[in-house]
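Here is the structure we will look at.
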Amino acid sequence: MPELPDLQVFSYNLAKLFKGKKLVKLNVVNGKRIRTPAAKLKKACEKSVLNDVYREGKELRFEFKNGNIIGLHLMLHGALKVFEKKNDAKFTIAELLFDNGKGLAITDFQGMATIYLNPKEKDAPDALSPAVNKKYLAEKLNSKGNIKNLLMDQHVIRGIGNAYADEILWDAKISPLSVANKIPATKVARLGKSIKTVLKKAEKQIRKEHPDLISGEIRDFLGVHNSRKKESPGGSKIKNVVIGGRKTYYTDEQAVYK
DNA sequence: AGAAATGTTGCGCT
DNA sequence: AAGCGCAACATTTC
């Protein structure tokens, strides 16, 4: 359930913990959703040194010196836990043991988190990539679809989930009830800016509040997608509606284009 | 104490 | 025929 800014912080902290360490052992505990056979994963990465950990869309990637990459998608409820010696985490899917004596447990009570070797390149650009600019957005928003659904569509932009879609639309002052191809060009440009600023600001905030975070999600600072708030930072009443099967928070500060 | 939350996939309807 | 809604996944948290 972590979203892009959380994952960004996790990747930074995981790199701090494990970069330059050799993977001694990789154990698959619950393989039902693991897309690469356990033996193949082990063979590809065991005994190799971890080169880097980074985020791509909603995935975390563990890149090894031998060129192999483990892709991890936490889905709704996946979580990470660092352990020493013994992993006592419940619902473990896999564990990575490094030569500094520390281990990383990947858990998911729903068993939905996925792991795969060498994930293939995706077409859609990452939300923080320079490729997500006003030209790209204008092209992709030429659609009769709902704007929030498009923002969350991983085939359009990778990395934006339910909570940050609401935050970005509020920041851009566009109602989530809007139809994509009715949004004027100037507002599309503003949306492009909001994508970057909202996500980057959130990452900074999370890092400030929880410098060593590798699990969970921090949402207490969100302006509108926040069940504890009645009013937006601008003082407008926060309303609810369901879009794409998910709870959507917005206010009348946001213009509806239909 | 019962609903809500969270992402993806795949299916069926319009 | 693009776009939407729904179910399934399974447990924790309010």
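Residue numbering restarts at 1 for every chain, and letters A, B, ... go by the order of the sequence lines.
Comparing C:dC9, B:dT8, C:dA10 against the side chain of A:M112 picks out C:dC9 as the nearest. Among B:dT8, C:dC4, C:dT12, the nucleotide with an atom closest to any side-chain atom of A:Q154 is B:dT8. For A:N146, taking side-chain heavy atoms from C-beta onward, the closest of the listed nucleotides B:dT8, B:dA5, C:dC4 is C:dC4.
Contact annotation: side chain of A:H77 to base of B:dT6, donor-acceptor pair present below 3.5 Å.
Between A:K58 and B:dT8, a side-chain N or O to OP1/OP2 separation shorter than 4.0 Å is present. Remark: A:R219 is in phosphate contact with B:dT6, judged by side-chain N or O atoms under 4.0 Å from OP1 or OP2. Proximity of A:N162 to the phosphate of B:dA5: no side-chain N or O atom is located under 4.0 Å from OP1 or OP2. In terms of phosphate contacts, A:K247 brings a side-chain nitrogen or oxygen within less than 4.0 Å of OP1 or OP2 of B:dA5.
Remark: the backbone N or O of A:K173 is paired with a side-chain donor or acceptor of A:K187 at under 3.5 angstrom. Between the side chain of A:E63 and the backbone N or O of A:N51 there is no donor-acceptor pair closer than 3.5 Å. The backbone N or O of A:L222 lies less than 3.5 Å from a partner atom in the side chain of A:N226, making a donor-acceptor pair. Distance alone, capped at 3.5 Å, places no donor-acceptor pair between the A:E203 side chain and the A:P5 backbone.
In this structure, a donor-acceptor pair under 3.5 Å is absent between the side chains of A:K81 and A:N87. Judged by distance alone, the side chains of A:N30 and A:T92 never bring a donor and an acceptor atom under 3.5 Å apart. In this structure, a donor-acceptor pair under 3.5 Å is absent between the side chains of A:T107 and A:K90.
Nucleotides B:dT9 and C:dA1 place their P atoms 24 Å apart, quoted to the nearest Å. Comparing the P positions of B:dT8 and C:dT12 gives an interatomic distance of 23 Å, to the nearest angstrom. Separation of the P atoms belonging to B:dA1 and C:dA10 is 24 Å when rounded to the nearest angstrom.
Spacing between atom CE of A:M152 and atom C1' of B:dT9 amounts to 15 Å, rounded to whole angstrom units. Taking atom CD on A:E167 and atom P on B:dT6, their separation rounds to 12 Å, with Å as the unit. Atom CG in A:N226 sits about 17 Å away from atom P in B:dA4, given to the nearest Å. One can place CD of A:E3 at 14 Å from C1' of B:dT8, the figure rounded to the nearest angstrom. Protein atom CG of A:L76 is 15 Å distant from nucleotide atom P of C:dT13, rounded to whole Å. Here C:dG3 presents its P atom at 11 Å from CG of A:L141, a figure rounded to the nearest Å. The nearest whole Å value for the distance from the CD1 atom in A:I243 to the C1' atom in B:dG7 is 17 Å. Note: CZ (A:R246) to P (B:dT9) measures 13 Å, nearest angstrom.
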Pair up each side-chain donor or acceptor in residues 133-141 of chain A with any protein partner under 3.5 Å, not counting sequence neighbours, and list the distances.
{"unit_1": "A:N133", "atom_1": "OD1", "unit_2": "A:K135", "atom_2": "N", "d": "3.2"}
{"unit_1": "A:N133", "atom_1": "OD1", "unit_2": "A:Y136", "atom_2": "N", "d": "2.8"}
{"unit_1": "A:Y136", "atom_1": "OH", "unit_2": "A:V156", "atom_2": "O", "d": "2.7"}

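Projected onto DNA chain B by closest heavy-atom contact, A:H155 and A:Q110 fall at different nucleotides, the more 5' of which corresponds to A:Q110. Ranked by how close their nearest DNA chain C nucleotide is to the 5' end, A:K90 and A:S143 are led by A:S143.
Contact annotation for A:G245: no contact, since no heavy-atom pair falls under 4.0 Å across all strands. Contact annotation for A:D108: no contact, since no heavy-atom pair falls under 4.0 Å across all strands. At a threshold of 4.0 angstrom between heavy atoms, the contacts of A:Y249 are confined to the sugar-phosphate backbone, with no base atom among them.
Secondary-structure stems of DNA chain B, taken as three or more successive Watson-Crick or G-U wobble pairs (i with j, i+1 with j-1) under a 3.5 Å distance threshold, comprise B:2-5 with C:11-14, B:7-14 with C:2-9.
The cationic atom of A:R207 (NZ for Lys, CZ for Arg) lies less than 6.0 Å from the six-membered ring centre of A:Y12 and within 45° of the ring axis.
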